[in-house]
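Take this structure first; my questions come after.
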2 protein chains.
Amino acid sequence: MESRCENCIIRQFNSLRAMSKEELKQVSDSKTTRTIKKGEPIFEEGDKLNGVYCVRNGVSKLSKLSANGKDQIVKLASKGEVLGQRSVISQESTNLSAIAVNDMEVCFIPKESINNTLQKNPNFTLEVLRHMAHDLKEADDVIVNISQKTVKQRMAEAFLYLQNNFGEDAEGYLALTLSREDISNVVGTATESAIRIISEFKKKGLIQTSGKKIGIKDERKLLEMVEGF
Amino acid sequence: MESRCENCIIRQFNSLRAMSKEELKQVSDSKTTRTIKKGEPIFEEGDKLNGVYCVRNGVSKLSKLSANGKDQIVKLASKGEVLGQRSVISQESTNLSAIAVNDMEVCFIPKESINNTLQKNPNFTLEVLRHMAHDLKEADDVIVNISQKTVKQRMAEAFLYLQNNFGEDAEGYLALTLSREDISNVVGTATESAIRIISEFKKKGLIQTSGKKIGIKDERKLLEMVEGF
DNA sequence: CTAAAAACATGATATTTATCAGTTACCAAT
DNA sequence: ATTGGTAACTGATAAATATCATGTTTTTAG
């Protein structure tokens, strides 16, 4: 049996918290829950979305395929984030694919519920707007980083980002384990280059590895590297 | 004497058109008009904005300074665009500088007018939201472009962008003339590299130049280059 | 109008990064 | 346990791009 949105803790983290009791009830009644296995898509570039997906568990990569066949990962979304908002709001097909990085549980909320609330509840709209303003600011930062920093700096930054946003496990490894290819797609570089830099960082004692897992050993040095020392 | 917002054609192009008569009147009464000389800033990175700027004339570059001292231009804004919205909405200091590329005329609208309307008029909020959704999509595209395309491809794309968004003069030159340095900052490359590629394109008959001015001669070939042929 | 400054241009070179080719390690299914 | 496939890794090389040096042209300020 599925739980009710009204009681869902996830809601605390996203714009849904600005909904009224009745609006939430409607969302809850119309929503459906889906599980997605690691590697499977929630939706793909070009799809027309009939609603948004609220992440309950797991992590999704939002990526875009380029002409040369490589994916660029634009964002990693986890618990509480709402996927597909932009597409639903602008009523265009989505420009990004969402693929599960690990097993996921998401709630699908039909666009009617969202649009309805957008029309009627200015607080909700404003909340969504604030979120989007934040995303846009982040996107600007990514643009500047990619174009002005070296691959090494961006790699260092990526590890710190993963640490800040997804934390570490008991042994001090990054809680979110990405394949080397995914890492290279976040950073925007060739997979071999990413692997080489991982080796280099390991040799220098900045990180440690255990299989795919990566642990940060010298946060300060990594930070300095990002800043360009 | 300053004209009234209610009669301003510019309004057609931005979210202000979703304002009610009264709201517009309030905006009109509280707004001030400013002229900005080429090269001067409207606001700078880190500034706390007390309102937004509506562009009436001229073009502004929105850029961010990176650690290595180079600017990255994130967007070029012209007639009808509203600057500083994001900062006002998220109530944070701005992450971008806005500098006049040529002489400009802008209207400053205090944030109170904007916030007030955001709270009360869902149509306006939704309109702003749609705009921001669009900007975010564009930003995602820029990220993918920068990380997956070569400098040459991005240069070609930049010229086509300038053509599409700012048009051409009577002799077929791009109506918006940017310095070589600004072009390199849009594309995200070294100024020398940008200049070299301009020379190369000229030699190949893709573009023509006259002083700083650049004209597109072979749109098809440029397009093919962007696509990677 | 002229001097100084800024922008433009190009060659030589260094650095960064991608690509290609191949090996090794690991996981999953029989 | 064996095998087949995928991901991780490494070296050699090529390509792209940045940097440095320097000269020329254009713009700007007095």
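Scope of the values below: all heavy atoms of this structure, side chains included, with no hydrogens, waters or symmetry mates. Sequence lines set the chain letters: A, B, ... in the order given, protein chains first and strands last, and positions in each chain run from 1.
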List in chain and number order the residues that pass side-chain contact (heavy atoms from CB on, under 4.5 Å) with E105(A), two or more places apart in sequence or in another chain; answer none if no residue qualifies.
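Testing E105(A) for side-chain contact (heavy atoms from CB on, under 4.5 Å), a comparison that skips the adjacent residues, returns T33(A), T35(A), R56(A), N57(A).
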dT27(D) P sits how many Å from K213(B) NZ, rounded?
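Distance, rounded to whole Å: 11 Å.
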Scan nucleotides 7-12 of chain D against the protein and return all N/O pairs shorter than 3.5 Å with their distances rounded to 0.1 Å.
{"unit_1": "dA7(D)", "atom_1": "O3'", "unit_2": "K212(A)", "atom_2": "NZ", "d": "3.2"}
{"unit_1": "dA8(D)", "atom_1": "OP1", "unit_2": "R180(A)", "atom_2": "N", "d": "3.2"}
{"unit_1": "dA8(D)", "atom_1": "OP1", "unit_2": "K212(A)", "atom_2": "NZ", "d": "3.4"}
{"unit_1": "dA8(D)", "atom_1": "OP2", "unit_2": "R180(A)", "atom_2": "N", "d": "3.4"}
{"unit_1": "dC9(D)", "atom_1": "OP1", "unit_2": "R180(A)", "atom_2": "NH2", "d": "3.4"}
{"unit_1": "dC9(D)", "atom_1": "OP2", "unit_2": "R180(A)", "atom_2": "NE", "d": "2.5"}
{"unit_1": "dC9(D)", "atom_1": "OP2", "unit_2": "R180(A)", "atom_2": "NH2", "d": "2.9"}
{"unit_1": "dT10(D)", "atom_1": "OP2", "unit_2": "S199(A)", "atom_2": "OG", "d": "2.7"}
{"unit_1": "dG11(D)", "atom_1": "N7", "unit_2": "R196(A)", "atom_2": "NH1", "d": "2.9"}
{"unit_1": "dG11(D)", "atom_1": "O6", "unit_2": "R196(A)", "atom_2": "NH2", "d": "2.9"}
{"unit_1": "dA12(D)", "atom_1": "N6", "unit_2": "R196(A)", "atom_2": "NH2", "d": "3.3"}

Holding to ring pair (Phe, Tyr, Trp, His ring centres under 6.0 Å), I want the full list of residues that pass it with F108(A), two or more places apart in sequence or in another chain.
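So F108(A) forms a ring pair (Phe, Tyr, Trp, His ring centres under 6.0 Å) with Y53(A).
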Based on the rotation axes of five pairs at each end, what angle does the helix from dC1(C)-dG30(D) to dT30(C)-dA1(D) bend through, to 10°?
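The two end axes of the helix from dC1(C)-dG30(D) to dT30(C)-dA1(D) meet at 50°.
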Taking ring pair (Phe, Tyr, Trp, His ring centres under 6.0 Å) as the definition, give me every residue that meets it alongside F159(A), ordered by chain and number, with sequence neighbours left out.
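Once residues adjacent in sequence are excluded, F159(A) has no partner under the ring pair (Phe, Tyr, Trp, His ring centres under 6.0 Å) criterion.
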Side-chain donor-acceptor contact under 3.5 Å, Q72(A) with S147(B):
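S147(B) and Q72(A) do have a side-chain donor-acceptor pair below 3.5 Å.
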Mind checking side-chain hydrogen bond (donor to acceptor under 3.5 Å, both in side chains) for K221(A) and listing every partner two or more places apart, or none if nothing turns up?
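For K221(A), no residue satisfies side-chain hydrogen bond (donor to acceptor under 3.5 Å, both in side chains) once neighbours in sequence are set aside.
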Quickly work out the F201(B) CZ to dT10(C) P distance and round it to whole Å.
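About 15 Å, once rounded to whole Å.
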Which residues pass the salt bridge (Lys or Arg N to Asp or Glu O under 4.0 Å) test with K213(A), sequence neighbours left out?
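Scan of K213(A) (salt bridge (Lys or Arg N to Asp or Glu O under 4.0 Å), adjacent residues dropped) gives none.
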Could you list the residues that satisfy side-chain hydrogen bond (donor to acceptor under 3.5 Å, both in side chains) with D182(A), not counting sequence neighbours?
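By the side-chain hydrogen bond (donor to acceptor under 3.5 Å, both in side chains) rule, D182(A) matches K61(A).
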Name the pairs: protein N/O against N/O of nucleotides 13-17 of chain C, kept only if under 3.5 Å.
{"unit_1": "dT17(C)", "atom_1": "OP1", "unit_2": "V151(A)", "atom_2": "N", "d": "3.0"}

Give the rounded distance in Å between these two atoms: CD1 of I183(B) and C1' of dA9(C).
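One finds 14 Å between C1' of dA9(C) and CD1 of I183(B), rounded.
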Sorted by first residue and then second, give each ring-ring contact (aromatic ring centres under 6.0 Å, His included) pair with at least one member in residues 56-85 of chain A; sequence neighbours left out.
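Qualifying pairs: none.
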Check ring pair (Phe, Tyr, Trp, His ring centres under 6.0 Å) between F201(B) and all other residues, then give those that pass, not counting sequence neighbours.
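Residues passing ring pair (Phe, Tyr, Trp, His ring centres under 6.0 Å) with F201(B): none at all.
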Checking Q91(B) now: which residues fulfil side-chain contact (heavy atoms from CB on, under 4.5 Å) with it, not counting sequence neighbours?
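For Q91(B), the residues satisfying side-chain contact (heavy atoms from CB on, under 4.5 Å) (neighbours in sequence not counted) are R130(A).
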